[in-house]
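Structure, as C-alpha cells:
What you see is a predicted model, and the numbers here were worked out from it, not measured in a lab.
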Amino acid sequence: MLRIKLLTAAATTALLVAPAALAQTVPAPTAPAQTAPAAAAAQTPASAENVIEVLKSHGRFTTLLQALDQAQLTETLATRPRITLFAPTDEVFAALPEAERTRLLDPANVQELRNLMLYHVLVADLRPDQIIGARGPIATAGGLEVNIDGTGEAIAIDSATVTEAAIDAANGGIHVIDKLLDPEAAAQGDSEEAEAATAAPAETAPAPDGSTPPATPSN
C-alpha cells in the first residue's frame, strides 16, 4: 500500500514551487504593461465555482465525483486553494473492466482509491502556458511524481493525453485526460531507479602507473 501524504499546510508550501521549476525552459511571453484595474481583472478567476462544482456542472464526471466522495476528498478539493485536477471522464471509467471498476469503488478498498485519486491532484494551479514547451516530473498530492510533457502536439500526463486543458475553477483548474493515471506504475518506476542506483558499481580510481586495479569482490 502506498504511503499517503496528507494535504497539510507544509506539503502545500513545498508543492507550490513545483510548477515554476517545471516551466523553467518556457520563455516568458512579452505582454504590454497593464494599468492597475486591468491587471486586477486579469487575476480574477473566470469561474466562481470550485473544482467540485465545475465537475458537477459539466455532467461528464459522475464516476470521478463518486470516486472522490468514496475517497473522502470532495470537501478537501472544494475548499483547498490552488488545485490542479487531472480529470478522467465517465467514458474513461466505463472503458475499465467492470470487475476492476467495482473493485476500486468497493468501500473495502478505500485506501487504494484514495491513493489513486491523490495521484490525479496537484496542490498548485498548473496552467497550460507553464507546460507548453517543458517537460519533467512534478509531485502529486499523494507524494509520488507524475511526468508532464508539453513538448508534443498534445500535453501528456504520464501515458494519458490531455483532451481539454485548463477548465477554470475558483480554486484552480481541471485538465481532462483520456485515461486513468497509475500511481502503482510511478511507484514501481521510483523503486527500479533506486535499485539501479544501488546496484551500479563504484568507479575504481586508477593506480599511479595508470592501470586499473582489480575490483575487490564483495562478501
Side-chain angles (χ1 to χ4, degrees), residues 2 4-5 7 12 15-16 18-19 22 45-97 100-101 104-105 109-110 112-132 135 137-150 152-186:
L2 298 177
I4 291 297
K5 286 187 179 178
L7 299 180
T12 302
L15 291 176
L16 284 177
L22 176 70
S47 173
E49 298 178 317
N50 62 54
V51 291
I52 296 297
E53 292 169 333
V54 171
L55 290 175
K56 290 178 179 178
S57 68
H58 275 253
R60 50 185 172 139
F61 301 104
T62 55
T63 309
L64 174 60
L65 287 164
Q66 179 185 355
L68 292 172
D69 273 342
Q70 185 78 17
Q72 301 177 353
L73 292 173
T74 300
E75 181 66 19
T76 299
L77 297 185
T79 57
R80 174 71 63 179
R82 296 178 61 84
I83 286 290
T84 297
L85 177 64
F86 302 123
T89 63
D90 289 336
E91 291 182 354
V92 172
F93 283 98
L96 293 174
E100 176 64 9
R101 188 168 62 251
L104 282 174
L105 296 175
N109 299 318
V110 64
E112 180 183 354
L113 180 62
R114 187 178 175 86
N115 293 343
L116 176 64
M117 291 296 98
L118 287 176
Y119 192 62
H120 288 72
V121 177
L122 305 181
V123 190
D125 188 2
L126 187 63
R127 314 303 296 175
D129 60 358
Q130 294 176 286
I131 303 174
I132 300 302
R135 62 182 174 185
I138 184 171
T140 66
L144 292 172
E145 291 183 336
V146 65
N147 285 300
I148 297 179
D149 189 346
E153 293 184 1
I155 295 172
I157 313 295
D158 282 350
S159 62
T161 299
V162 174
T163 59
E164 187 174 350
I167 300 175
D168 286 323
N171 63 332
I174 298 165
H175 299 282
V176 184
I177 53 177
D178 64 354
K179 64 174 63 175
L180 275 174
L181 305 178
D182 186 0
E184 295 291 345

Exercise. Determine yes or no for a side-chain-to-main-chain donor-acceptor pair under 3.5 angstrom, with Asp149 supplying the side chain and Ala156 the backbone.
Key: no
Self-check item: Side chain Tyr119, main chain Glu145, donor-acceptor under 3.5 Å
Solution: yes
Self-check item: Phe93 backbone acceptor or donor facing Arg101 side chain under 3.5 Å
Solution: yes
Quiz item: Should Ile83 and Leu122 count as side-chain neighbours, where that means a heavy-atom distance under 4.5 Å?
Solution: no
Practice problem: For the pair Leu55 and Leu68, evaluate side chain to side chain contact (heavy atoms under 4.5 Å, CB included) and give the outcome as yes or no after the intermediate values. | Solution: CA-CA 11 Å; Leu55 290 175; Leu68 292 172; 4.2 Å; yes
Self-check item: Shortest non-hydrogen contact from Arg127 toward Gly172
Solution: NH1-O, 4.0 Å
Quiz item: Donor-acceptor pair, Asn50 side chain versus Ile52 backbone, under 3.5 Å?
Solution: yes
Quiz item: Are Arg60 and Glu164 within salt-bridge range, i.e. N to O under 4.0 Å?
Solution: yes
Quiz item: Any donor-acceptor pair under 3.5 Å linking the side chain of Asn171 with the backbone of Leu77?
Solution: yes
Practice problem: Using a 4.5 Å cut-off on heavy atoms from C-beta on, say whether the side chain of Val176 contacts that of Thr89. | Solution: yes
Quiz item: Does His175 reach the main-chain N or O of Ala87 with its side chain, forming a donor-acceptor pair under 3.5 Å?
Solution: no
Quiz prompt | Heavy-atom closest contact (Glu49 atom, Ser57 atom, distance) | solution = OE1-OG, 3.8 Å
Self-check item: Separation of Leu73 CG from Leu85 CG (nearest 0.5 Å)
Solution: 10.0 Å
Self-check item: Ser159: side-chain hydrogen bond (donor to acceptor under 3.5 Å, both in side chains) partners, not counting sequence neighbours
Solution: none
Practice problem: Please report the closest heavy-atom contact between Ala67 and Met117, naming both atoms and the distance. | Solution: CB-SD, 3.8 Å
Quiz item: Could you give the distance from CD (Gln130) to OG1 (Thr84), rounded to the nearest 0.5 Å?
Solution: 8.0 Å
Quiz item: If you look at every heavy atom in Leu181 and Pro183, which pair is closest and at what distance?
Solution: O-CD, 3.5 Å
Quiz prompt | Side chain proximity check, Leu118 to Thr140, heavy atoms < 4.5 angstrom | solution = no
Quiz item: Are the side chains of Gln66 and Leu105 in touch, meaning some heavy atoms are under 4.5 Å apart?
Solution: yes
Practice problem: Without swapping roles, check the side chain of Arg114 against the backbone of Ala71 for a donor-acceptor pair under 3.5 Å. | Solution: yes
Practice problem: For the pair Asp69 and Thr74, evaluate side-chain hydrogen bond (donor to acceptor under 3.5 Å, both in side chains) and give the outcome as yes or no after the intermediate values. | Solution: CA-CA 5 Å; Asp69 273 342; Thr74 300; 2.4 Å; yes
Quiz prompt | side chain to side chain contact (heavy atoms under 4.5 Å, CB included) between Gln70 and Asn109, intermediate numbers included | solution = CA-CA 10 Å; Gln70 185 78 17; Asn109 299 318; over 6 Å; no
Exercise. Starting at CG of Leu113, measure out to CD of Gln72 and round the result to the nearest 0.5 Å.
Key: 10.0 Å
Quiz item: Under the 3.5 angstrom rule, does the side chain of Thr63 hit a backbone N or O of Asp90 as a donor-acceptor pair?
Solution: no
Self-check item: Validation row: Lys179, Thr161 side chains within 4.5 angstrom (heavy atoms)
Solution: no
Quiz item: Taking the side chain from Glu100 and the backbone from Pro97, do they hold a donor-acceptor pair closer than 3.5 Å?
Solution: no
Quiz item: For residues Thr163 and Asp178, is any side-chain donor paired with an opposing acceptor at under 3.5 Å?
Solution: no
Quiz item: Of Ile157, Leu180, Ile174, which meets side chain to side chain contact (heavy atoms under 4.5 Å, CB included) against Phe86?
Solution: Ile157
Quiz item: For Asp125 and Gly173, which heavy atoms make the closest approach, and how far apart are they?
Solution: OD1-N, 3.8 Å
Exercise. Indicate yes or no: at least one non-hydrogen side-chain atom of Ile148 is less than 4.5 angstrom from one of Pro137.
Key: no
Quiz item: Are Leu116 and Leu104 side-chain neighbours, meaning at least one heavy-atom pair lies under 4.5 Å?
Solution: yes
